[in-house]
Amino acid sequence: MRLVMKFGGTGVNSSTKVKAISNLIKQHHDSKNDLVVVVSAIRGMTDDIFSITDNIKEGQKVSVENFMKNTRASHLDILRNAITDEAIMKKANLVVTQLLDELENVLRGIVLLAEVTPKSLDYLLSFGERLSAPIISYALQDIGIKSEHLTGREVGILTDSNFGEARPLMDTTRLRISHKLTPMLKDGVLPVVTGFIGADQNGITTTIGRGGSDYTATIIASSIQADEVWLWSDVDGLMTADPKIVRDAKVLKEVSFAEAMEMALFGAKYIHPRSFYPVIESKIPIRVRNAFNVNHEGTVITQSLTKASQKIVKSISAIRHTALIDVSGGEMAGSPGTASRIFDILAKKRVNIMMISQSPSESSISMVVRKSDLEKATTALELNLLGSIIKKVSVNDDVAVIAVVGSGMRGIKGVAAKIFGSVARRNVNVIMIAQGSSELNLAFVVNDDDCEMAVQALHNEFKLASSSGKQNDVPRKG
Ligand code: ASP
Ligand code: MG
């Protein structure tokens with residue numbers, strides 16, 4: 001088989017784990033598979049880069065020394081304990097130390113300027129993956145595998161210049177990747193590619209969005225006609241609910257691309273939603289697996305589901321601790337452009353809106369945003385719109401969004417009644433509701449205090465813990 005295997009940051013954050021995944025890769029390599037490996041930054045590294053650049057932007061004093069001391073220690077420690085061969089160790093050490101030195105120089109320059117542009121931020125962020133890829137590649141060489149490490153640019157991922165959320169230009173990208181990787185695979189070389197990063201037409205480093213390594217993996221898979229993409233992490237697969245809330249939550253065997261996309265937005269295991277596009281066209285299945293529990297089959301995400309997996313409701317997910325903003329005012333009704341002004345103002349402040357609902361009376365719009373964005377959002381709305389088109393901004397600062405996902409919901413009557421009936425029986429108040437016309441999910445908002453109760457109630461109602469999970473008490477269309 002030709003496989004693209006992606007390892008998340010939790011798979012590479014200690015030398016023991018690096019050795020474990022190297023052996024796992026070797027095992028699949030030895031059984032005559034063509035493999036391409038994609039790696040994320042070591043867990044926490046991307047967040048750390050974001051937080052130091054935030055501090056620089058806010059004019060706070062930052063200690064490049066401290067940051068570099070920790071970063072050097074974590075990376076070199078893994079390297080030194082994961083590789084035994086001295087010659088390989090020497091080479092690896094040189095490559096990684098050079099990258100660390102470069103990172104230090106760039107950081108010092110940015111601190112002097114006290115300015116972080118989206119372009120320089122992407123450059124800084126790229127060090128996370130640029131450091132982890134050689135570590136894995138040399139660890140593979142250490143156990144006898146011919147391997148080379150490549151950056152997103154080197155492998156051929158061409159993007160636009162929208163730093164932070166760059167979009168790959170897929171046709172050129174596919175050609176380049178296939179030209180680059182096919183000969184390597186033919187020669188028995190195992191490429192280890194940095195996730196998350198690409199380069200624009202001028203060769204400037206870009207990143208493709210948080211969690212983008214999954215996306216890198218599917219881009220590569222679609223370029224080399226891989227048979228499957230395997231996303232290895234430290235969970236067994238996609239689940240019927242968050243096991244922290246529902247004790248008998250189950251790993252889902254099979255999920256469709258459409259369902260997975262909905263779950264990606266709401267679920268516990270975050271898959272970059274755009275990751276699905278490259279493989280949907282070419283119908284390449286994605287497997288979500290646990291690198292530290294390899295006997296578990298994990299979840300397969302495919303185009304069409306087997307009969308047993310065609311359920312009305314597949315999972316109940318929740319995004320906890322979010323905030324609800326309700327803007328209202330009589331003048332909002334019947335005046336075109338109101339919604340666009342509201343969203344525009346929030347977009348300019350980089351507030352991401354997770355859910356929207358407007359009543360047909362048009363006199364109010366409710367939005368769910370991250371708690372951390374709440375103040376920014378209300379300030380921007382008050383400054384720009386209060387007193388003109390909106391009269392009132394009210395907030396509820398601790399709500400949860402609950403999403404019920406399943407492709408079998410489409411065209412089936414009574415699902416909503418069942419959902420809200422079951423929630424009402426637990427005395428949970430529903431604050432806001434949204435259902436996309438795709439009917440793949442129905443999402444609603446409750447006070448966060450009620451979240452666990454509602455999720456448990458729905459998990460029971462749709463019998464998600466039992467593997468037969470017959471849900472045929474909901475009337476079929478017709
Ligand atoms: N390191 C990047 C992030 O944390 C990409 C990834 O992990 O997939 O967002
Ligand atoms: Mg990640």
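Whatever order the structure lists ligands and atoms in, that order sets their numbers, starting from 1.
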Checking heavy-atom distances from atom 7 (O) of ligand 1 to each of Gly128, Ser40, Ala217, the winner is Ser40
Report yes or no: is the cationic atom of Lys91 (NZ for Lys, CZ for Arg) closer than 6.0 Å to the six-membered ring centre of Tyr138, at no more than 45° off its axis?
-> no
Note: Glu129, heavy atoms under 4.0 Å from ligand 1, region reported as side chain
For Thr46, the ligand 1 atoms whose distance to one of its heavy atoms is below 4.0 Å | 1 (N), 2 (C), 3 (C), 4 (O)
Relative to atom 3 (C) of ligand 1, which among Arg210, Arg43, Lys6 owns the nearest non-hydrogen atom?
-> Arg210
If you look at every heavy atom in Gly152 and Thr194, which pair is closest and at what distance?
-> N-OG1, 2.9 Å
Glu228: which of Arg287, Lys6, Lys283 passes salt bridge (charged side-chain N to carboxylate O under 4.0 Å, His left out) | Arg287
Does at least one non-hydrogen atom of Gly211 fall below 4.0 angstrom from an atom of ligand 1?
-> yes
Check ion pair Asp142-Lys26 (N to O, under 4.0 angstrom) | no
Based purely on interatomic distance, does Gly209 place a nitrogen or oxygen under 3.5 Å from a nitrogen or oxygen of ligand 1?
-> no
Only one of Leu103, Ile204, Val106 clears side-chain contact (heavy atoms from CB on, under 4.5 Å) with Tyr123; which?
-> Val106
